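Taking it in order: structure first as structure tokens, then the write-up.
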Amino acid sequence: MWQEAIQIDGPYNFDSVLQRHTPDPLKLLDLEKRTIRVPIVIAEKAQVVDITATGTTDRPAFVLNGKTDKEAAIKRVSEIFQWKVPLDKIQNHFQETDLKEIFNLFIGTPLVLDFDLFGSLIKCIIHQQINMTFAYTLTERFVKTFGYEIEGVWFFPEPETVAGLQVEQLRDLQFSGRKAEYIIGIAKEITENGLHLDVLKNQPDEAIFEQLTKIRGVGRWTVENFLLFALGRPNLFPLADIGIQNGLKKLYQLEKKPTYEEMERYKQDWEPYLSYASLYLWRSVE
DNA sequence: AACCAGGGAAGAT
DNA sequence: ATCTTCCATGGT
């Protein structure tokens, strides 16, 4: 058992983080206690780390409680919650843009990474072209059927487990046949074809696009979301994303959803922080 | 009931 | 290369 108190630079709005994750049934959080319980795997050892916010948006502070591998666990938690990203600098950048109001409304909202690389990729597949509510339901069924639980916190199944599944097992959970094939196929890329997701961490976005889009079921949007939510890359703007399209439609009061051409034009001012433009546009329509 | 949803593959042009 | 169609299934 270990405990650690941590202070970071503001602005950082942890309550916004909790709020954004509230619709996800797999996230164990408490808005009033300002806590979240996070499944962490370090060197194949799984543990639950409890995070409690003790500060404010301007003076953010946290208390962490874990079981083992203290230093590595803190490092991973810091990475997941993006505690070292200078949100003040990003906030300033957007003051000169059309997104100024949205950024001021949701000031201090960080990008928060998915807890598991493989899980993040599977989640992206599940979220393709279905509404969020159903996507959360499917993900919850998937994890609670094939994953494992520690202290009430669910961990994503390992690729080995998923690679051994039959399409029918996912159909039983109301996955479409196609999505079932995609998911099992990705797991097999890892277990049989030597795909190492952790190695991707050290590669540029373009190289990752090239490798992952070769996999059946993994298109541009899926890689963009993986880069954004699994690796925390700062400059992604998924044009095909319905949420972003709706965010732009609302912002510019458009009659209908923007064309790709219009989106390409809007996004120019938001480089090199397009991921944050995406995040805040998503927030604006949540 | 009809349209939509944090797309992608396969086919057509 | 780029555009269109089909897929698949619950939510509103």
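Proteins come first, then strands; the chains are lettered A, B, ... in the order of their sequence lines, and each starts at number 1. These numbers come from a predicted model, not from an experiment.
As judged by a 4.0 angstrom heavy-atom cut-off over every strand, A/Tyr260 is placed among residues making no nucleic acid contact. When heavy atoms are screened at a 4.0 angstrom cut-off, A/Thr137 is found touching no nucleic acid atom at all. Looking at heavy-atom distances under 4.0 Å, A/Gln128 makes contact with sugar-phosphate atoms alone, never a base. Residue-level contact check: A/Lys257 touches the backbone only, with heavy atoms under 4.0 Å from sugar-phosphate atoms and none from bases.
In this structure, CD1 of A/Ile125 is placed 12 Å from P of B/dG7, rounded to the nearest angstrom. The interatomic distance linking A/Arg141 (CZ) with C/dG10 (P) rounds to 8 Å, in whole Å. Distance, A/Leu212 CG to B/dG7 C1': 16 Å, rounded to whole Å. Distance, A/Asn246 CG to C/dT12 P: 15 Å, rounded to whole Å. The interatomic distance linking A/Tyr136 (OH) with B/dA5 (P) rounds to 16 Å, in whole Å. Remark: P of B/dG7 and CZ of A/Phe175 are 16 Å apart, rounded to the nearest angstrom. Residue A/Ile183 contributes atom CD1, which lies 13 Å from atom P of B/dG8 at whole-angstrom precision. Atom-to-atom, CG of A/Leu138 to P of B/dG7 comes out at 14 Å; the value is rounded to the nearest Å.
Residue A/Phe62 is tested with A/Ile8, A/Val77, A/Thr35 for a side-chain contact (heavy atoms from CB on, under 4.5 Å); the sole match is A/Ile8.
Taking the P atoms as reference points, B/dG11 lies 14 Å from C/dA8, given to the whole Å.
In this structure, of B/dA10, B/dG7, C/dA8, it is B/dG7 that holds the atom nearest to the side chain of A/Ile242. When distances are taken from the side chain of A/Phe134 to each of C/dC7, B/dA5, C/dG10, the shortest belongs to C/dG10. With C/dC7, C/dG10, B/dG7 as the candidates, the nucleotide lying closest to the side chain of A/Gln174 is C/dG10.
Along DNA chain C, the nucleotide nearest A/Asn131 and the nucleotide nearest A/Ser176 are compared for position; the residue whose nucleotide lies closer to the 5' end is A/Ser176. Along DNA chain B, the nucleotide closest to A/Val218 and the one closest to A/Asn225 are compared, and the more 5′ of them pairs with A/Asn225. If you find the closest nucleotide of DNA chain B to A/Ile215 and to A/Thr133, the one lying nearer the 5' end belongs to A/Thr133.
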Please evaluate residues A/Glu4 and A/Val63 with respect to the criterion side-chain contact (heavy atoms from CB on, under 4.5 Å), reporting the C-alpha separation (whole Å), side-chain torsions for both, the decisive distance (0.1 Å), and the verdict. CA-CA 6 Å; A/Glu4 181 84 0; A/Val63 175; over 6 Å; no
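A cation-pi contact links A/Lys123 to A/Phe229, judged by a cut-off of 6.0 Å to the six-membered ring centre and 45° from its axis.
For the pair A/Arg216 and B/dA10, the criterion of a side-chain N or O lying under 4.0 Å from OP1 or OP2 is met.
Counting only distance, with no hydrogens or angles, the side chain of A/Ser275 and the backbone of A/Arg233 share a donor-acceptor pair below 3.5 Å.
Comment: A/Glu71 does not engage A/Arg76 in a salt bridge, judged by the lack of any side-chain N to carboxylate O separation of less than 4.0 angstrom.
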